[in-house]
Every structure is written in C-alpha cells, then in structure tokens.
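Keep in mind that the numbers below use all heavy atoms, side chains included, and drop hydrogens, waters and symmetry copies. So you know, we letter chains A, B, ... as the sequences are listed, proteins then strands, and number each from 1.
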There are 2 protein chains.
Amino acid sequence: MTDRAATTDHPLARATALTWRDGRWIGHTSKDYWGFVGPYGGATAAVMLRAALDHPDRIGDPLALTVNYCAPIDEGDFQIVARAARTNRSTQHWTIELFQSEGDILATATVVFARRRAGFIHAPLTMPQAPPPAEVAPHAVSPGPLWLRQYEMRFVAGQPALGQVPHATPQPADTLLWMRDAVPRPLDSVSLAAMSDAFIGRVFQVLGVLVPFGTVSLTTYFHGAAADHTSEDGWILGHADAAVFRDGFGDQTARLWSSDGRLLVSSVQTTYFRDPNPEAAA
Amino acid sequence: MTDRAATTDHPLARATALTWRDGRWIGHTSKDYWGFVGPYGGATAAVMLRAALDHPDRIGDPLALTVNYCAPIDEGDFQIVARAARTNRSTQHWTIELFQSEGDILATATVVFARRRAGFIHAPLTMPQAPPPAEVAPHAVSPGPLWLRQYEMRFVAGQPALGQVPHATPQPADTLLWMRDAVPRPLDSVSLAAMSDAFIGRVFQVLGVLVPFGTVSLTTYFHGAAADHTSEDGWILGHADAAVFRDGFGDQTARLWSSDGRLLVSSVQTTYFRDPNPEAAA
C-alpha cells in the first residue's frame, strides 16, 4: 500500500492534476511525461479521463475511453471542457475537449461510465505465458522519449532494438512485457489509461528505427469495476501487436493483464507514421 | 458493377439518407435495419459516418470512427449535428451528435479522416484460412433481429445455434464467416462501417441463448484509402471474437477481410448484456 500523501505527489498525479475554474478544468503539461512533440499520449488520455472521473456529475466506473489527438499540445496550461451528454440509470456518456487557446481544439474524447452488477464472468482469452517479473531483466528503451522513464519495463519478448537503418525485412510487431510505474503507485483507471499507450510505436519495432510517429486515435476498454483494477504484486503483463501498416497509417492493439491473469484493459489505436523510404514507394 | 440508380435505391442508402436543413442533417430510421430495441447499431454507425463524410467541409478518407450508443432511437426522424473540431493538412477530426428531441442526445460519435500518401505497406496479420464462399452453405441466423436479413452469411466456423436454455459450459466466442449485402452494392466506408457491427452478440454465442444485449460503444478503423475498399467478388471474410465478459459488460472484436486477403477494417466494441442467471451470481 502507498500512503495517500505519496499518491498525491506521484508524477502521474501531477501530470493529471486539474483545477476547476469557471465551468472548466485547468491542467498543466508535465515534463515527466513528455513525448516526441508534446505530452505522452497516455498522459493526455489519463487527464481526459480524469476530467470526467473527477466531475461531480459522474456516475459509475470507466468502461470505455476514446481520445482523438488532433494537434500537438504545447508545454504549459491547457483547458478541458467535459460535458455529460447523457446520463442513464446505469451508464453515462461524456464528451470532452482539450484546448490551449479558445476554439483551437487539440484533443477530443468520449468516455462511457457504467455501474456494474456482479454476475456472469467468463474470459475466453487467457493471459499469455510469461516467466514471473523477478526472472526477467529490466531494460531501458533507448533512444526514446522522456515518458518511458516513468515505467519500469521487463521484456519477455519483442524487446525494442532500434538502430539507424531500417530492417530490409520487417520484423515481428508484437511485444510482451512486464511493466509498472517506476515510482510505485496503486493501480486505478487513470494509471491504466496511461499504461494502455505505454508501448512504443509498432512501426519502430517492425522497421528497427525511429520515424516521425504519432497516435491519432486511442480507444481503451476497462474490463471490470474500479475495485477490479488491482494486481497483487503491482506488475502488469502488457501485450502489444499490430495488424497492418498502410500508406502512412497503422493500427496497434494492447492488452494489460494483472499478474493473477485477469484482463484489466484492452486498447486499440490508429497511428500516423512517416514512411522511412518514400522514394522506394514512388 | 452496380449502376448508380440501383445504388441510390439500396436499403443502406435509404437507411443512411440525410437531408441538410438549418445547419444539421435530418435522417429517418429504417425498418430494414431494425434491431432488438431500435435501429441496428451498424446502421447508426453508418449514418453517423455519412453525416461527416457527406459534409462539404470534409477532407480525406475515413480512418477511425467511434460511436457511443447513449439511448434507444425511436422509429421516425432523427437529427444529426456534425462539426469539424479540427482540420489539419492531412487529417480532420469530427464530433457528432444524434438526437430526436432537442437536447436529448441518443448517440455521440467522433470520426477521423485522413489523406494518405502511398508508401510502406506491411501486414503482420494474415487472413484466416477459409474455403471459398461458393463451397460454404448459406445460413439464416434465427431467431434474430430484422437487420440480419440485409446480409447474406456463410459460416465457416462458429455458426450461431440459439436455444432456450443457456449452455452449462460456455462455448467458444469466435465466428468466421463470409458475408455480403443481401442486395448487391459496391463496398465503401459506409457499408464497411455497417458490416463492422454485423456479428451477433458474442454472449449469445457463448451462452447459446438470446439475452437482453446492446452495443455501448463501437470503434472501427479503416485500413486504406477509399479506393482500397474493394473485394473482387463482393465477399467479405469476417472474423469476430471476444476476450472477456464480466458483470454485465463484455468486449467484442471484428475484422473484415477482402476476398483477396487485405484487412479492410478492424473494429472493437464494448457491450452490455443481461445476466442469464442472476440468482446464481448473488
């Protein structure tokens, strides 16, 4: 258990801290979660979720979150307007916008919350086999953006190996790793939202080089109530993959498992990437 | 090739027909695509997409669509307000709302469009093996909602078998089938958006019975430009699966392949279901 004071002081708490002013939230970007050209997409997802989660009108627990990354967010303050578009008895739908200058929207999101009723549980998909985290060596991904330092990562398969020249033959797109917050913090929907984006672009994995890249849209589902967002030893087994890269856009899938084998989160994203060798395609 | 007159008269064209009036679209629900308690979710997804696609401000081709089903839509007229939240050089982000009475939002959506630049193509995921559609028997799913009649379905695996009593042991959640519009129509992003929801609830498959069920949120990615939305013989190989059902909500994944093996669309949804046996869980 982490005590409450420590939690409030966590880098993720700072990156997602929001102040209510005149009917909207004010937040501030965090250097701790800086990406290539702006905040780490997972941090933006987490703060968009928090804008609805911490709103006094909210009912239920997070079920689905979609964040659309419209344009880079500059370092500094940002504003978030969150509106409950519809409140039902057991579900609630939110529409959210983030901006830094009035009318200049940088991210949009929808969030669904749900009150669950305990009942039928069945998991057709089982957790991938992996040795326990204690038996897997830590690995710092390099080169990479600053936000990667916020996670301790132990790669079971698909450890990134980034060089200067693209592979002649595309390499496998999948990665299996143990991960947790580098600064310990209890899991919750906010940290799971952030972690759902904590896999480097699959195109880097496939090509073996960094290319200009960004998440365009991210959708994350939470498979359980708030009380289910636990992992006994704090580790999450993350599995990322991709199905197709085509003409500047690719997809990416991610699943986050608790160490006792429950699927906590599944996530998909569509990504932009710059062609590593545009002449060859012309 | 279907001629243009026939296309305009297609049931999907009627179900997604929109008239512009006073800065918003007016549509009308279709009996052809009726579901259990309102329009088929795929038809709603298609008309939400069309509201942005047919808007004069739209640039690029559909990349990502998220539709949130907030409340049942009654038979009759509906209105859609679609707004370009952000237009970049090569991407555009839309926010969309559907309602029948002012302020009473029944569905929300976000859509991303993108201009693609031809280049790197790589598909780590290959199409599942299946005999050609001519070698697979047609099958009408029964009992089921009206919209199912809009699709010709030939099940390769996981043909639905629905009875009166839930299976004692949950059955596999996946289905592989060939499908196409029952009334022939060229593929496009609108019909692919509709088809991305054309798999009966995975909970029915697992339990072998119909239970109260609904899609809560649907996200569909389009893996190619408009010109890539083709299948030589008109057939789509659809693959649906689910990872977890827990306390009234489950997930569902779907992939749509062209008959020549290109992944055209991938889709995820989170669904609500009524517990078939709530006493047992108490």
Side-chain angles (χ1 to χ4, degrees), chain A residues 63-64 66 68 70-71 85-86 88 90-91 93 95 97 105-106 108-110 112 114 116-125 170 172-174 202-203 206-207 216-217 219 221 223-225 228 241-249 251 255 263 266 268 270 272-273 275-278 281-282, chain B residues 63-64 66 68 70-71 85-86 88 90-91 93 95 97 104-106 108-110 112 114 116-125 170 172-174 202 206-207 216-217 219 221 223-225 228 241-249 251 255 263 266 268 270 272-273 275-278 281-282:
Chain A
L63 176 67
T66 292
N68 302 292
C70 303
R86 176 99 195 179
N88 297 314
S90 63
T91 58
H93 291 262
T95 299
E97 293 178 350
I105 295 172
L106 305 178
T108 65
T110 60
V112 188
R116 288 171 186 261
R117 184 182 299 196
F120 181 67
I121 298 178
H122 174 56
L125 187 74
D174 59 316
R202 297 297 91 192
V203 73
V206 162
L207 295 173
V216 179
S217 185
T219 289
Y221 294 157
H223 301 300
D228 298 315
D241 207 348
V244 63
F245 305 90
R246 174 182 285 269
D247 299 340
F249 295 90
D251 76 327
R255 293 194 173 104
L263 183 61
S266 53
V268 293
T270 180
Y272 151 86
F273 65 92
D275 202 310
N277 192 12
Chain B
L63 176 67
T66 292
N68 302 291
C70 303
R86 175 99 196 180
N88 298 315
S90 62
T91 58
H93 291 263
T95 299
E97 292 178 349
D104 188 24
I105 295 171
L106 305 177
T108 65
T110 59
V112 188
R116 288 171 185 262
R117 183 182 301 199
F120 181 67
I121 298 179
H122 173 57
L125 187 74
D174 58 315
R202 296 298 91 194
V206 162
L207 296 173
V216 179
S217 185
T219 290
Y221 294 157
H223 301 300
D228 297 316
D241 208 347
V244 64
F245 305 91
R246 175 180 286 268
D247 300 340
F249 296 90
D251 76 325
R255 293 194 173 105
L263 183 61
S266 53
V268 292
T270 180
Y272 152 86
F273 66 92
D275 202 309
N277 192 13

(message) Quick check for you: to the nearest 0.5 Å, what is the distance between A:F120 atom CZ and B:D275 atom CG?
(response) 7.5 Å
(request) State the OG1-OH distance between A:T270 and B:Y221, to the nearest 0.5 angstrom. (result) 6.0 Å
(message) What part of B:A173 gets within 4.5 angstrom of chain A, counting heavy atoms only: side chain, backbone, both, or neither?
(response) side chain
(request) Measure the shortest side-chain to side-chain distance between A:R246 and B:D228 over non-hydrogen atoms and say whether it is less than 4.5 angstrom. (result) yes
(message) Given heavy-atom pairs under 4.5 angstrom as the criterion, report whether the side chain, backbone, both or neither of A:V268 touches chain B.
(response) both
(request) Among B:P172, B:S90, B:A123, single out the residue with the greatest number of heavy-atom pairs under 4.5 Å to chain A. (result) B:A123
(request) Report the option among B:D241, B:D104, B:L63 that has the most heavy-atom pairs separated by less than 4.5 Å from atoms of chain A. (result) B:L63
(request) Please tell me if the side chains of A:T110 and B:T110 come closer than 4.5 Å, counting only heavy atoms from C-beta onward. (result) yes
(message) Distance check, rounded to the nearest 0.5 Å: A:T91 atom OG1 versus B:N68 atom CG?
(response) 10.0 Å
(request) Pick one of side chain, backbone, both or neither for B:H223, based on which atoms fall under 4.5 Å of a heavy atom in chain A. (result) both
(request) Answer whether the closest heavy-atom distance between the side chains of B:F245 and A:I121 falls below 4.5 Å. (result) no
(message) side-chain contact (heavy atoms from CB on, under 4.5 Å) for A:V206 and B:H122? Distances and angles first, verdict last.
(response) CA-CA 9 Å; A:V206 162; B:H122 173 57; 3.6 Å; yes
(message) If I measure from the heavy atoms of chain A, does B:F273 come under 4.5 Å with its side chain, its backbone, both, or neither?
(response) side chain
(request) Measure the spacing between CG of B:N88 and OH of A:Y272 and express it to the nearest 0.5 Å. (result) 11.5 Å
(request) Calculate, to the nearest 0.5 Å, the distance between atoms CD and OG1 belonging to A:E97 and B:T95 respectively. (result) 5.5 Å
(request) Check for a donor-acceptor pair, side chain of A:D247 on one end and backbone N or O of B:R116 on the other, with a separation under 3.5 Å. (result) no
(message) So for B:V216, is it side chain, backbone, both, or neither that comes closer than 4.5 Å to the heavy atoms of chain A?
(response) both
(message) With a 4.5 angstrom heavy-atom cut-off, is it the side chain or the backbone of B:F249 that approaches chain A, or both, or neither?
(response) both
(message) Does any part of the side chain of A:I105, heavy atoms only, come nearer than 4.5 Å to the side chain of B:H93, both counted from C-beta?
(response) no
(message) What part of B:T66 gets within 4.5 angstrom of chain A, counting heavy atoms only: side chain, backbone, both, or neither?
(response) side chain
(request) Heavy-atom pairs under 4.5 Å with chain A are the metric here; pick the option from B:A85, B:A225, B:A243 that has the most. (result) B:A243
(request) Could you tell me which portion of A:T219 (side chain, backbone, both or neither) has an atom closer than 4.5 angstrom to a non-hydrogen atom of chain B? (result) both
(message) Between B:S217 and chain A, with a heavy-atom cut-off of 4.5 Å, which part of the residue counts as in contact: side chain, backbone, both or neither?
(response) both
(request) Answer yes or no: is there a side-chain heavy-atom contact under 4.5 Å between B:R86 and A:L106? (result) yes
(message) Need one label for B:A64: side chain, backbone, both or neither, based on atoms under 4.5 Å from any heavy atom in chain A.
(response) side chain
